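Predicted, not measured: the structure shown is a model, and the values here were computed from it.
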Amino acid sequence: MPRTSVITGAASGIGKATKELLEQRGERVIGVDLHDADVVADLSTAQGRTGLVDAVREASGGRIDAIYAVAGLAVPAPATVAVNFFGTVATVEGLRPLLAGSEAPRAVLVSSMAALMGSDDELVALLTAGDEHAAMEKAQVMAKEPATTGQLIYASTKLALSRWVRRQASTAEWAGAGIPLNAVAPGIIATPMTADLIDTEQERESLLTMVPMPLNGIAEPIVVARLLAWLNSAENTHLCGQIVYVDGGSDVVLRGDSVWLGDGAAPS
């Protein structure tokens, strides 16, 4: 039996590349997006998230093998909070019961190396607490200054998402149920989301100054798609709660070995 996968953000960018890759490999893919998808759903709303789960349940017959939560926004607005964090969490948690009948259930989501950049502590705390109303209000205030606080919204959502994966992956609902839960953290990827930022050579060089990618520079979506596909394959039996940076070396340049220089205490 071919595996059945659900991919959000399937109409463009990394989601589209992943859908095409899996279909080339013979998998059945249920694509989710705002348009041009098997399931049309708006992940910025509670109704859209519930509708996604109901539609996938019907389309799949109540059983899937893998969840790819790829959909995301990068605008300095509350919608980025709604989709990137709350929409993503609702997707993987809402679809998790449909993994129960799979011999190799898997789930992966897309964070970002932007989680290593500046973020807003208060917004991250509200996201981590799961307080969508307060987080949206905070983002609304931040969005009024898009060049300063507004630009921190995206990074904050991705940092909170990475933390969510780390905290949930080893729980009874995920690892205890035999489901590897992981995330990828892309660097600069040539997608519609970044098109305006990498349109000219000067723009690309300027962006790479902030987001250094010494290994092969800006990547195509297929690079991330291949990693996502392996993480959600039957071959991946033990990778748990990892944020895998597919960023051409940005993590290495920006953090070096600082992640190993703590006092050895367990995280709270």
Side-chain angles (χ1 to χ4, degrees), residues 8-9 12-15 34 42-44 69-89 109-165 183-214 217-219 221 224 243 245-256 258-259:
T8 65
S12 66
I14 294 171
L34 287 170
D42 182 356
L43 296 181
S44 70
V70 181
L73 297 175
V75 295
T80 296
V81 165
V83 174
N84 288 14
F85 186 80
F86 294 103
T88 297
V89 171
L109 52 83
V110 175
S111 181
S112 171
M113 64 72 53
L116 304 179
M117 313 296 278
S119 58
D120 184 87
D121 291 342
E122 182 182 350
L123 179 56
V124 172
L126 292 170
L127 294 168
T128 302
D131 191 338
E132 183 166 6
H133 178 73
M136 293 289 283
E137 288 190 338
K138 173 63 177 177
Q140 185 66 54
V141 173
M142 295 172 65
K144 293 178 180 179
E145 298 292 340
T148 53
T149 56
Q151 66 180 337
L152 302 179
I153 294 175
Y154 177 76
S156 298
T157 63
K158 294 302 186 177
L159 175 57
L161 205 56
S162 293
R163 289 182 176 177
W164 184 86
V165 171
V184 301
I188 306 168
I189 310 299
T191 68
M193 183 183 292
T194 62
D196 292 341
L197 302 175
I198 59 174
D199 188 47
T200 68
E201 183 63 29
Q202 182 177 359
E203 288 172 328
R204 288 192 291 272
E205 290 180 0
S206 177
L207 187 57
L208 286 170
T209 298
M210 296 183 292
V211 186
M213 298 180 66
I218 297 170
V224 185
I243 314 301
Y245 288 87
V246 53
D247 60 2
S250 292
D251 175 34
V252 174
V253 174
L254 296 174
R255 292 200 297 176
S258 64
V259 293

For the [atom1] atom of [X] and the [atom2] atom of [Y], what is their distance to the nearest 0.5 Å?
X: Met142; Y: Leu123; atom1: CE; atom2: CG; value: 5.0 Å
X: Arg163; Y: Ile243; atom1: CZ; atom2: CD1; value: 11.5 Å
X: Phe86; Y: Leu161; atom1: CZ; atom2: CG; value: 10.5 Å
X: Ile189; Y: Met213; atom1: CD1; atom2: CE; value: 5.5 Å
X: Leu126; Y: Asp131; atom1: CG; atom2: CG; value: 6.0 Å
X: Met117; Y: Ser112; atom1: CE; atom2: OG; value: 9.0 Å

Please give me the minimum heavy-atom distance between [X] and [Y], naming the atom from each residue.
X: Ala114; Y: Tyr154; result: CB-CE2, 3.6 Å
X: Ala190; Y: Ile218; result: N-CG2, 4.0 Å
X: Ala135; Y: Leu127; result: CB-CD2, 4.0 Å
X: Val70; Y: Gly15; result: CG1-N, 3.6 Å
X: Ala71; Y: Leu43; result: CB-CD1, 4.0 Å
X: Ala155; Y: Gly118; result: CB-O, 3.2 Å

Mind checking what makes side-chain hydrogen bond (donor to acceptor under 3.5 Å, both in side chains) contact with [X], not counting sequence neighbours?
X: Glu145; value: none
X: Ser250; value: none
X: Gln151; value: none
X: Glu122; value: Lys138

Listed by chain and number, what are the side chain to side chain contact (heavy atoms under 4.5 Å, CB included) partners of [X], not counting sequence neighbours?
X: Pro76; value: Pro146
X: Ala139; value: Pro78, Val81, Ile153
X: Thr128; value: Val124, Ala160, Arg167
X: Asp251; value: Leu116, Tyr245, Asp247, Arg255

Exercise. Does Ser111 reach the main-chain N or O of Val184 with its side chain, forming a donor-acceptor pair under 3.5 Å?
Worked result: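 Not a single qualifying donor-acceptor pair exists.
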Exercise. Where the side chain of Ser44 meets the backbone of Val83, is there a donor-acceptor pair that is under 3.5 Å apart?
Worked result: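 Absent.
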Problem set entry | Beyond-backbone contact of Leu109 with Val165, side-chain heavy atoms, under 4.5 angstrom |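 Yes, at least one pair of side-chain atoms sits under 4.5 Å.
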Problem set entry | Which residues share a salt bridge (Lys or Arg N to Asp or Glu O under 4.0 Å) with Glu205, sequence neighbours left out | none
Exercise. Looking at Val252, Val253, Leu208, which hits side-chain contact (heavy atoms from CB on, under 4.5 Å) with Pro214?
Worked result: Val253
Problem set entry | Residue among Thr88, Asn84, Thr80 satisfying side-chain hydrogen bond (donor to acceptor under 3.5 Å, both in side chains) with Thr157 |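 Passing option: Asn84.
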